[in-house]
Undergrad: 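This is the structure I have questions about; it appears just below.
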Amino acid sequence: LLLWHSNPGYTWIPYHHYISEARYKGAHVVAIAPDVNAGAIGAETFVPIQPGTDAALALAMCKVIIDEGLADVGFVRSQTDLPLLVVADTGRFLRGHDVYSGGLEDQFYWWTEGAGLTKAPRGTLFVGDDAPLLDGSWTATLADGTEVEVTTVWEMLRRRLEDYTPELASQVCGVHPEVIRSLAREASRRRTKILEGYNAPKYYHGDLMERSMALV
């Protein structure tokens, strides 16, 4: 349990006993906060962080999870937009109207080993036998006959995370690189829940902190 942007010792008093009971049953409770608050006192591990730098910590955790092959690739392929294709030079999703005349605005694409450029299914989140590729770049032909380079959101994410090695992120958030690695490994290998409160939205770009946490 990651107590992140929350202080359940004060704000979730009627439910706080569930956290204590989870610890008795073997859960590892980690408090990520700039202060030793009431919630942190009830945690097994306290991770002090510089205020407002949670996105750096979260993105560094994501980099560790991806680099060490700890990501749930099946989940990534079927439940996220990470396999979807993006036009490399614009950074925008490849859509139906880009590929053929009259194509739908909300028709997205991915690339499979068997069929190449393929419409992402609109009626289901389940991936068939010819699963979309996550890594790579390819050439797609547009409706006007021009060719563009396309890549996946996953590939773009990996490139973006190069700025968030644990060592670089540590300089921003103040959390030791090995602590970042340890948190990432444990969160990816065990059932993990982030207990977040209403604190992140109080920050400018707090939505991006939350997106980074959700990405973990």
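Since this is a predicted model, take the numbers as computed values, not measurements.
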Undergrad: Does Thr112 use its side chain to pair, donor to acceptor, with the backbone of Ala115 at less than 3.5 Å?
TA: yes
Undergrad: Looking at His28, is its backbone amide N or carbonyl O close enough to the side chain of Arg23 to form a donor-acceptor pair, meaning the two atoms are under 3.5 Å apart?
TA: no
Undergrad: Output yes when a side-chain donor or acceptor of Gln107 lies under 3.5 Å from a complementary backbone atom of Ala120, and no otherwise.
TA: yes
Undergrad: Using modelled atom types and a 3.5 Å cut-off, is there a donor and acceptor pairing between side-chain atoms of Asp67 and backbone atoms of Val64?
TA: no
Undergrad: Does the Thr152 side chain pair with the main chain of Leu134, one donor and one acceptor, at a distance under 3.5 Å?
TA: yes
Undergrad: Any salt bridge linking Asp98 with Arg92? Criterion: basic side-chain nitrogen under 4.0 Å from a carboxylate oxygen.
TA: no
Undergrad: Distance from Asp207 atom CG to Glu210 atom CD, nearest 0.5 Å?
TA: 7.0 Å
Undergrad: Could you check Ser188 against Ile65 for side-chain contact (heavy atoms from CB on, under 4.5 Å), going step by step and ending with a plain yes or no?
TA: CA-CA 7 Å; Ser188 61; Ile65 290 171; 4.1 Å; yes
Undergrad: Main chain of Phe108, side chain of Arg95: is a donor-acceptor contact present, judged purely on distance under 3.5 Å?
TA: no
Undergrad: Asn7 side chain to Gly39 main-chain N or O, any donor-acceptor pair under 3.5 Å?
TA: yes
Undergrad: Applying side-chain contact (heavy atoms from CB on, under 4.5 Å) to Ile49 and Leu57, what does each step give before you reach the verdict?
TA: CA-CA 9 Å; Ile49 187 172; Leu57 171 60; 3.8 Å; yes
Undergrad: Run through the side-chain heavy atoms of Ile, Leu, Val, Met, Phe, Trp and Tyr, join any pair under 4.5 Å, and report what else lands in Trp111's cluster.
TA: Leu85, Val87, Leu94, Val99, Tyr100, Tyr109, Leu117, Leu133, Trp138, Leu142, Val148, Val150
Undergrad: Sort out for me which residue in Arg181, Lys63, Arg185 forms a side chain to side chain donor-acceptor pair (under 3.5 Å) with Glu68.
TA: Arg185
Undergrad: Are the aromatic ring centres of His5 and Tyr203 under 6.0 angstrom apart?
TA: yes
Undergrad: What distance do Gln50 atom CD and Asp54 atom CG have between them, rounded to the nearest 0.5 Å?
TA: 10.5 Å
Undergrad: Treating Ser6 as the side-chain partner and Pro8 as the backbone partner, does any N or O pair qualify as donor plus acceptor under 3.5 Å?
TA: no
Undergrad: For Gly116, is there any backbone N or O sitting under 3.5 Å from a side-chain donor or acceptor partner on Thr118?
TA: yes
Undergrad: Has Glu155 got a side-chain atom pairing as donor or acceptor with Gly136's backbone, closer than 3.5 angstrom?
TA: yes
Undergrad: Partners of Ser212 by side chain to side chain contact (heavy atoms under 4.5 Å, CB included), sequence neighbours excluded?
TA: Ala55, Ala58, Leu59
Undergrad: Test question: given the 4.5 Å side-chain rule for I, L, V, M, F, W and Y, name all other residues clustered with Leu195, or answer none.
TA: Leu1, Leu3, Trp12, Tyr15, Tyr18, Ile19, Val29
Undergrad: Please evaluate residues Val76 and Trp154 with respect to the criterion side-chain contact (heavy atoms from CB on, under 4.5 Å), reporting the C-alpha separation (whole Å), side-chain torsions for both, the decisive distance (0.1 Å), and the verdict.
TA: CA-CA 9 Å; Val76 168; Trp154 171 271; 3.8 Å; yes
Undergrad: Is the number of heavy atoms from other residues, nucleotides or ligands under 6.0 Å of Glu21 CD greater than 12?
TA: yes
